[in-house]
Amino acid sequence: MAEPLDLLAEQIATHTQYSEHRFDLSTDVRTSLALTGTERIVDIGCGTGRFLCTLRDGGHRGALFGTDIRPAAVAAVTALDAMHAVHADAAQLPFPDAEFDRATAMHLLYYLSDPAAGLTEIHRVTRTGGRVAITLNHTATAPVLRALVTEHAARHGFAARPASQVWAETPNTTAPLDVDEATELMRIEFGHATVWRRDNALVFPTPESVLRYADVLAQFACGVPEDSPHRQRIARSVGAEISDWFTRHGGPWRDSKGYTVLTATT
């Protein structure tokens, strides 16, 4: 999985939470899969197994499999109870045809050099009458914080970079993939796709949590090198505005982060 978005996802998971009365990705995916509790499920690009753990802890009795291209992720899932982890490329899954009742690929397609081929492979390992759920984040996560970081980075000569430039620097990934494009690929592969859009929000409870995410945005969205002397200067000036905002408003800081769940029957 690509380093820039890995780091962004890790920042989200570690330093934020979804706000009350909004949406939960795992719950939406479980609902879209229409589970009875006995299905054989594979999560392609499973990371450290967070989604699989929610299934297991919720009482799912069917076999749970995860695949990932990163050995560290596979090792992490292998160490969990009642999990099967496989080191595999999403474009070449080491499973027989129709091996699973359900398949998921959460925030994976935009990491693949050929997303259409990845969907074909996911389709192959899912039985007739099964279900596939794909998720994608919406573009421009945290637009308010992104605009603040972009403004301060520009004062030091760093311009905001389009997604295509970030993706061009990402191994094995040639271009960003948006929800409309992914929906069309799903319809081509499966003949149909159900689109479930969620406009959610990130919630940063403290100034420090906002600043950590801002530092990631400065590096990857504005191209500020990790070892640049400007990095700390940008962090100080952004941090001052963040602290002032918390002083005036009390927090938490909310910023948009939406996602879409695409579902198809096989």
Side-chain angles (χ1 to χ4, degrees), residues 1 5 9 23-47 49-56 58 60-69 84 86 88-139 172-200 257-266:
M1 200 171 281
L5 294 181
F23 311 109
D24 176 72
L25 176 63
S26 293
T27 299
D28 284 345
V29 173
R30 292 197 303 272
T31 301
S32 71
L33 292 175
L35 299 175
T36 65
T38 61
E39 295 85 358
R40 288 173 62 85
I41 299 174
V42 63
D43 185 19
I44 312 299
C46 64
R50 184 174 303 172
F51 176 64
L52 295 174
C53 285
T54 66
L55 295 175
R56 180 199 63 192
H60 191 85
R61 303 179 302 281
L64 299 173
F65 286 76
T67 77
D68 206 285
I69 200 168
H84 305 277
V86 179
D89 188 324
Q92 295 179 310
L93 296 173
F95 303 115
D97 294 355
E99 176 73 4
F100 298 99
D101 302 303
R102 303 288 189 269
T104 60
M106 299 167 67
H107 305 328
L108 173 74
L109 282 193
Y110 27 52
Y111 294 109
L112 304 182
S113 58
D114 189 344
L119 287 175
T120 297
E121 188 68 349
I122 294 170
H123 194 175
R124 180 186 68 79
V125 303
T126 309
R127 68 166 175 83
T128 300
R131 288 199 181 200
V132 171
I134 307 295
T135 70
L136 298 96
N137 280 326
H138 298 165
T139 56
N172 303 319
T173 309
T174 57
L177 181 74
D178 64 22
V179 170
D180 289 340
E181 292 166 334
T183 302
E184 181 62 21
L185 291 179
M186 287 281 284
R187 287 172 175 159
I188 291 170
E189 178 60 37
F190 298 98
H192 68 284
T194 299
V195 181
W196 196 356
R197 180 185 175 92
R198 293 298 207 185
D199 292 311
N200 216 340
K257 178 188 181 291
Y259 61 86
T260 290
V261 181
L262 303 174
T263 310
T265 53
T266 53

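Because the structure is predicted, anything quoted here is derived from the model rather than measured. Start at 1 with the first residue, then count along the sequence.
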Nearest 0.5 Å please: distance from the [atom1] atom of [X] over to the [atom2] atom of [Y].
{"X": "Ile122", "Y": "Ile44", "atom1": "CD1", "atom2": "CD1", "answer": "5.5 Å"}
{"X": "Leu108", "Y": "Thr67", "atom1": "CG", "atom2": "OG1", "answer": "7.5 Å"}
{"X": "Arg40", "Y": "Thr126", "atom1": "CZ", "atom2": "OG1", "answer": "11.5 Å"}
{"X": "Phe95", "Y": "Phe100", "atom1": "CZ", "atom2": "CZ", "answer": "4.0 Å"}
{"X": "Leu52", "Y": "Asp43", "atom1": "CG", "atom2": "CG", "answer": "5.0 Å"}
{"X": "Lys257", "Y": "Arg198", "atom1": "NZ", "atom2": "CZ", "answer": "13.0 Å"}

What's the shortest heavy-atom distance between [X] and [Y], and which atoms?
{"X": "Ala133", "Y": "Ser32", "value": "CB-OG, 3.6 Å"}
{"X": "Arg102", "Y": "Ala34", "value": "NH2-O, 3.3 Å"}
{"X": "Leu93", "Y": "Ala90", "value": "CG-O, 3.7 Å"}
{"X": "Asn137", "Y": "Tyr110", "value": "N-OH, 3.0 Å"}
{"X": "Tyr259", "Y": "Asp24", "value": "OH-C, 3.3 Å"}
{"X": "Pro94", "Y": "Val86", "value": "CG-CG1, 3.5 Å"}

May I have the step-by-step check of salt bridge (Lys or Arg N to Asp or Glu O under 4.0 Å) for Asp97 and Arg124, ending in yes or no? CA-CA 5 Å; Asp97 294 355; Arg124 180 186 68 79; 2.7 Å; yes
Does some side-chain heavy atom of [Y] sit less than 4.5 Å from a side-chain heavy atom of [X]?
{"X": "Glu39", "Y": "Arg61", "answer": "no"}
{"X": "Ile134", "Y": "Leu119", "answer": "yes"}
{"X": "His107", "Y": "Leu25", "answer": "yes"}
{"X": "Ile69", "Y": "Tyr111", "answer": "no"}
{"X": "Thr194", "Y": "Leu262", "answer": "no"}

May I have the step-by-step check of side chain to side chain contact (heavy atoms under 4.5 Å, CB included) for Ile41 and His60, ending in yes or no? CA-CA 10 Å; Ile41 299 174; His60 191 85; 3.6 Å; yes
Give a yes or no answer on whether the side chain of [X] reaches the backbone of [Y] with a donor-acceptor pair at less than 3.5 Å.
{"X": "Asp68", "Y": "Gly47", "answer": "yes"}
{"X": "Ser26", "Y": "Phe51", "answer": "no"}
{"X": "Arg30", "Y": "Leu35", "answer": "no"}
{"X": "Glu181", "Y": "Asp178", "answer": "yes"}

Side-chain donor-acceptor pairs of residues 182-189 under 3.5 Å, sequence neighbours excluded:
from	atom 1	to	atom 2	distance (Å)
Thr183	OG1	Val179	O	2.8
Glu189	OE1	Thr120	OG1	2.7
Glu189	OE2	His123	ND1	2.7

Which of these passes side chain to side chain contact (heavy atoms under 4.5 Å, CB included) with Thr135: Asp28, Thr263, Val261, Thr104?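 For Thr135, the side chain to side chain contact (heavy atoms under 4.5 Å, CB included) test succeeds with only one of Asp28, Thr263, Val261, Thr104, which is Val261.
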Does a donor on one side chain and an acceptor on the other come within less than 3.5 Å for Thr265 and His192?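 The criterion, which ignores hydrogens and geometry beyond distance, is satisfied for His192 and Thr265.
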